[in-house]
Amino acid sequence: MHVLCVAEKPSISKSITQILSGGQFSTRSTANKFVKNYDFEYYFTNDYYTVTCVSGHLTTPDFFDTHRKWNSCDPFDLFEAPVQATIPETSKSIERNIFNEAKNADMLMIWTDCDREGEHIGSEIEKVCKRAKRTINVKRARFSAIIAQQIHNAAQHPVNLDRAQADAVEARTILDLKVGAAFTRMQTLALQRQVKKIEDEKNVVSYGPCQFPTLGFVVARYKDVQTFRPETFWFIYLTLSQPSSSPGDARETRFTWRRGHLFEYDAALVIYEMMITSGSLARVAKVTKKETKKWKPLPLTTVELQKAGSRLLKLAPKKILDIAEKLYQQGYLSYPRTETDQFDPQFDFASLIDKQKDDPAWGGFAVSLSDGDFSRPRNGKNNDKAHPPIHPTGHVSNLIGDDKRVYEFITRRFLASCSKDALGWQTTVEIDYEGEEFYATGLTVLEKNYLLVFPYDKWVDNNIPDFEKGEEFQPSVCELRDGQTTRPNLLTEADLVALMDKNGIGTDATIAQHIDTIVTRNYVIERYEGATKYLLPSTLGIGLVEGYNQMGLEKSLDKPILRRETERRMVQVCNGQKSKQEMINQSLEQYKEMFMIAKGNFDKVVTSVRNYLERHGDAEQGRPGDGQGGGGNNGEGYHGSGTAGRGGRAPEGRSTDPASRAAVPIIDIIIPDDSDDDSQPPPRTSKPPSARQPPKRPTPPPKLPASRNHDSGQIHCNCGPAVQRTVVKESASKGRLFWTCPNKPGCGFFKWDDDVTELCNKAIPAKRPFSYRQEPSANDSESCRCRCNLTAVRKTVQKEGQNKGRMFWICPNSDAARCSFFEWDDEPPRAEPAHDRPPAASGSGGNKPGTCFKCNEEGHWANG
DNA sequence: GCAAGGTC
């Protein structure tokens with residue numbers, strides 16, 4: 001029998017050929033320079049194999065000529081316009097190749113990635129091959145890693161294509177095209193007609209279900225920055241100065257107040273006065289000394305490369321990916337699009353480390369790893385079963401510029417991940433002063449280990465003197481000091497990548513593209529403050545988002561919820577709960593309704609955009625010298641250490657935008673400005689008040705709703721009101737505020753302050769409380785449904801363990817009748833892999849309970 | 001002149 005195998009990409013076709021052929025194969029080139037056809041005899045079945053590939057999707061949906069031209073129809077007609085899958089010119093050679101190969105084959109075996117898109121690509125391949133040979137037998141090989149045992153198993157036990165998954169993707173592609181085209185044409189044509197600065201027909205004002213929420217994140221943060229009003233807080237500053245070894249020098253230990261700081265002056269003053277009037281001494285309550293570690297970095301995924309690279313190398317995520325792609329093509333890096341942060345057990349570290357031995361900068365470190373310092377990289381939680389984490393595959397020394405920096409980062413990260421965690425010695429001294437707790441933490445770095453090769457991480461000594469339990473002393477300084485909350489930062493690209501990732505906007509391969517899109521569309525401007533790049537919405541970007549928000553649409557176009565509903569409907573199609581056509585119809589109805597409202601109220605967008613473009617249009621030119629653009633918080637954040645108050649005021653002069661896009665008139669920007677902030681209390685003195693003298697109380701700021709008190713309520717733990725504290729430990733979170741239980745031992749409550757703020761602002765969902773699911777409602781056709789097609793119920797993990805307190809959705813039936821449906825509340829809904837799905841799952845939705853369909857690494861769920 | 005998703 002002649003079997004034609006078609007993989008999703010060239011690298012996979014080559015790998016499976018090497019495994020199945022045992023290295024004995026012949027190669028034919030094709031009209032596409034990346035695609036090769038490999039021929040061999042498969043020893044185990046005595047079949048003749050040809051292995052080739054496509055390069056991702058073969059087709060892209062498009063309108064017919066009747067609707068393709070912008071002025072050919074009313075944009076609304078696009079929702080009902082017929083759409084056909086077309087093969088773009090660039091894919092024609094690939095199509096011809098599999099068409100010709102299929103003519104001679106008895107069986108088509110599809111080897112695409114095992115995900116929804118892979119299933120859809122499989123169906124595209126099937127169509128071409130069936131045109132070539134109607135009777136060809138179509139099968140699908142299922143594999144999750146390129147390792148010999150799995151590949152042989154897949155070849156010998158092929159299954160059928162999963163039509164439901166392919167249908168879900170097809171529905172999504174059609175919807176994306178229709179919705180994107182309809183909204184883009186409508187808003188572009190209307191704005192070109194009515195706003196002078198946009199009248200040039202080259203100005204496309206695009207709408208896309210991913211790009212708009214991406215813009216929404218940038219605008220929401222900008223608004224947070226703009227509406228921020230600082231609040232004054234009070235804290236007790238306590239130090240002890242001791243003679244040091246060098247004469248005339250004093251060694252100062254700063255103790256942090258366990259309460260962090262208080263926003264009520266009276267309360268702080270009462271506590272402070274009690275302390276200073278008692279005349280008693282501070283007593284050392286506890287000294288803890290323990291070994292501590294700074295963990296080496298995880299193996300590198302695409303999203304992590306973009307986040308870390310943008311933060312550390314100050315390069316745009318798209319640029320980083322482009323460079324990594326180029327270095328991959330040149331053979332210096334592994335495949336740069338991967339979700340995997342764990343190396344295979346058989347991964348050959350030694351030879352890769354060897355290749356770095358001659359590098360003048362990190363060669364010595366590579367040698368030391370080979371000489372015994374090697375330690376297997378940590379395992380992350382992600383594995384796309386297709387590609388290893390990003391790592392250098394060869395050494396190169398002649399790179400320059402950004403290419404060099406990206407290669408260096410990836411290589412150092414790889415070597416660091418193969419090294420040992422850094423080791424330190426941490427001392428914590430807790431003192432009691434009139435019933436108030438203070439503490440100081442010291443760190444001595446014992447072994448730098450991975451830090452030697454990874455300068456991007458900082459971990460430095462912070463020595464404090466020796467203290468003994470029970471020791472008493474008179475503090476050198478004990479003052480009531482004030483500080484002010486500082487405004488949040490504008491988004492960095494790294495923040496945005498993380499937000500998109502968390503909200504399921506785009507995929508690892510497309511996130512960077514979406515960010516690039518909103519920049520090239522002039523919705524967002526990249527703005528540097530120092531070396532850090534912040535994302536600032538343009539007047540056009542804000543105008544659009546605000547205009548749409550004024551329409552009172554139930555589901556705003558600039559929020560992730562619509563995309564999430566599309567995602568949920570796709571899952572329902574995959575589960576057989578919905579047909580492709582039902583999904584398309586439901587989504588189209590929803591978008592058509594929104595379109596009519598948007599069109600009917602478009603004057604709001606026009607007015608808003610016009611206002612921003614014309615009223616603020618010259619803002620930057622009109623107000624030079626305000627360098628507040630980045631909104632850079634200098635890292636002191638809320639700590640209020642008594643030095644200059646608001647963080648991040650850049651040196652005088654305008655920040656320059658190296659992206660020369662700033663020349664385009666419609667992208668003027670409004671710089672977050674606090675000059676008209678009349679509610680702000682007087683600036684606090686830069687000099688601390690003298691010791692033991694309470695500062696003169698500044699004018700209290702007006703009460704602002706939901707600013708600090710988070711929805712006018714205190715944050716509560718299980719025991720009552722929680723307290724706010726600051727991370728003092730040397731770590732990535734140093735200086736960050738959090739809320740915790742005030743009792744010792746308490747209930748263990750913990751929440752980051754910025755998560756709480758985000759949750760309250762509803763602009764950026766926080767990690768855990770954020771739900772991807774809809775609560776059941778009267779009209780709950782979109783609610784989370786289990787496999788019995790019942791509305792799922794949300795429960796909370798009670799069992800002790802890392803998931804305790806986490807919420808999940810399951811079938812509402814009682815134990816015996818409960819089906820195997822399970823989804824985490826804080827993770828996007830996902831289609832169940834076909835191989836794990838019980839046969840009854842397809843069809844009308846009926847499903848016998850008791851089949852465990854999901855391998856769950858946490859082991860939290862096993863039904864039946 | 002529209003989208004988002006693959007991949008080179």
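Lettering follows sequence order; numbering is per chain, from 1.
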Notebook entry, point to check: With sugar-phosphate meaning primed atoms plus P, OP1 and OP2, does A:Gly118 contact a base, only sugar-phosphate, or nothing at under 4.0 Å between heavy atoms?
Noted result: nothing
Notebook entry, point to check: Atom CZ of A:Arg337 and atom P of B:dG5: how far apart are they, to the nearest Å?
Noted result: 13 Å
Check: Is the distance from OP1 or OP2 of B:dA3 to the nearest side-chain N or O of A:Ser206 less than 4.0 Å?
Finding: yes
Notebook entry, point to check: Which part of the nucleic acid, if any, lies within contact of A:His514, taking any heavy atom under 4.0 Å across all strands shown: a base, the sugar-phosphate backbone alone, or nothing?
Noted result: sugar-phosphate
Check: Given atom CG of A:Leu333 and atom C1' of B:dC8, what is their separation to the nearest angstrom?
Finding: 15 Å
Next item on the list: Could you check whether the rings of A:Phe76 and A:Phe595 sit parallel, tilted or perpendicular, using 30° and 60° as the cut-offs?
Entry: tilted
Check: Any donor and acceptor pair, going by atom type alone, linking the side chain of A:Glu170 with main-chain N or O of A:His120 inside 3.5 Å?
Finding: no
Margin query: Give me the atom names and distance for the closest heavy-atom approach of A:Met594 to A:Leu553.
Written below: CE-CD1, 4.0 Å
Margin query: In whole Å, I'd like the distance from the CD1 atom of A:Ile198 to the C1' atom of B:dG1.
Written below: 14 Å
Checklist line | Residue met sooner reading DNA chain B from 5', once A:Asp200 and A:Ile511 are mapped to nucleotides | finding: A:Asp200
Item checked: Side-chain heavy atoms of A:Ile198 within contact of A:Leu613, under 4.5 Å -> yes
Margin query: Strictly below 4.0 Å: does A:Arg116 bring a side-chain N or O up to OP1 or OP2 of B:dG5?
Written below: no
Margin query: Of the listed nucleotides (B:dC8, B:dA4, B:dG1), which one gets closest to any side-chain atom of A:Cys210?
Written below: B:dA4
Next item on the list: Assign A:Ala509 to base, sugar-phosphate, or nothing according to its heavy-atom contacts below 4.0 angstrom with the strands shown.
Entry: base
Note to self: Side chain of A:Arg172 only, heavy atoms from C-beta on: which candidate in B:dA4, B:dT7, B:dC2 is closest?
What the structure shows: B:dA4
Note to self: Quick check, does A:Trp70 stack with B:dG1? I mean ring centres under 5.5 Å and planes off by under 30°.
What the structure shows: yes
Notebook entry, point to check: Are OP1 or OP2 of B:dG6 and a side-chain N or O of A:Thr507 less than 4.0 angstrom apart?
Noted result: yes
Item checked: Contact under 4.0 Å: A:Arg521 side-chain N or O vs B:dA3 OP1/OP2 -> yes
Item checked: Polar side-chain atom of A:Arg405 near backbone of A:Leu313 as donor-acceptor pair, under 3.5 Å -> yes
Note to self: Counting the atoms with a prime plus P, OP1 and OP2 as sugar-phosphate, which does A:Phe212 contact under 4.0 Å by heavy atoms, base, sugar-phosphate, or nothing?
What the structure shows: nothing
Notebook entry, point to check: Which part of the nucleic acid, if any, lies within reach of A:Glu117 when heavy atoms closer than 4.0 Å are counted: base, sugar-phosphate only, or nothing?
Noted result: sugar-phosphate
Next item on the list: Compare the minimum distances between each of B:dA3, B:dG1, B:dC2 and the side chain of A:Gln211, then state the nucleotide with the smallest one.
Entry: B:dA3
Note to self: Counting only side-chain nitrogens and oxygens, does A:Lys202 get under 4.0 Å of the OP1 or OP2 atom of B:dG1?
What the structure shows: no
Notebook entry, point to check: Is it true that a side-chain atom of A:Ser579 and a backbone atom of A:Glu582 form a donor plus acceptor pair closer than 3.5 Å?
Noted result: yes
Note to self: Taking atom types as they are modelled, would you say the side chain of A:Thr60 forms a donor-acceptor pair with the base of B:dA3 within the 3.5 Å cutoff?
What the structure shows: yes
Check: Between atom NZ in A:Lys69 and atom P in B:dC2, what is the gap in whole Å?
Finding: 15 Å
Margin query: Please give me the minimum heavy-atom distance between A:Ile136 and A:Leu108, naming the atom from each residue.
Written below: CG1-N, 3.8 Å
Check: When all nucleic acid strands are considered with a 4.0 Å heavy-atom cut-off, which category describes A:Phe183: base, sugar-phosphate, or nothing?
Finding: nothing
Item checked: Upstream residue (5' side of DNA chain B) when A:Glu8 and A:Leu189 are each assigned their closest nucleotide -> A:Leu189
Margin query: Using the side-chain heavy atoms of A:Ser55, tell me which of these nucleotides is nearest: B:dT7, B:dA4, B:dC2.
Written below: B:dT7
Check: When all nucleic acid strands are considered with a 4.0 Å heavy-atom cut-off, which category describes A:Pro75: base, sugar-phosphate, or nothing?
Finding: nothing
Next item on the list: Write down the distance between CE (A:Met570) and C1' (B:dA4), rounded to a whole number of angstrom.
Entry: 10 Å
Next item on the list: For A:Gln187, report the nucleic acid contact type (base, sugar-phosphate, nothing); a contact means any heavy atom under 4.0 Å.
Entry: nothing
Checklist line | Length of the line joining A:His67:NE2 and B:dC2:P, which is rounded to integer Å | finding: 19 Å
Next item on the list: May I ask you to evaluate whether A:Thr173 reaches the phosphate of B:dA4, defined as a side-chain N or O under 4.0 Å from OP1 or OP2?
Entry: no
Check: Using a cut-off of less than 4.0 Å, is there contact between a side-chain N or O of A:Gln513 and OP1 or OP2 of B:dG5?
Finding: no
Notebook entry, point to check: Which nucleotide, B:dA3, B:dC8, B:dC2, lies nearest any side-chain atom of A:Pro209?
Noted result: B:dA3
Check: Which nucleotide sits closest to the side chain of A:Thr184: B:dC2, B:dC8, B:dG1?
Finding: B:dC2
Check: Starting at CD of A:Glu119 and ending at P of B:dG5, how long is that distance when rounded to a whole Å?
Finding: 18 Å
Check: Which listed nucleotide (B:dC2, B:dG5, B:dT7) is nearest to the side chain of A:His57?
Finding: B:dG5
Margin query: Please report the distance, rounded to the nearest Å, between CD in A:Glu339 and P in B:dG5.
Written below: 12 Å
Item checked: Residue A:Arg68, side-chain atoms from C-beta onward, closest of B:dC2, B:dT7, B:dG5 -> B:dC2
Check: Is A:Arg563 near enough to B:dG5 that one of its side-chain N or O atoms lies under 4.0 angstrom from OP1 or OP2?
Finding: yes
Notebook entry, point to check: Should the pair A:Phe183 and A:Tyr591 be assigned to parallel (<30°), tilted (30 to 60°) or perpendicular (>60°) ring geometry?
Noted result: perpendicular
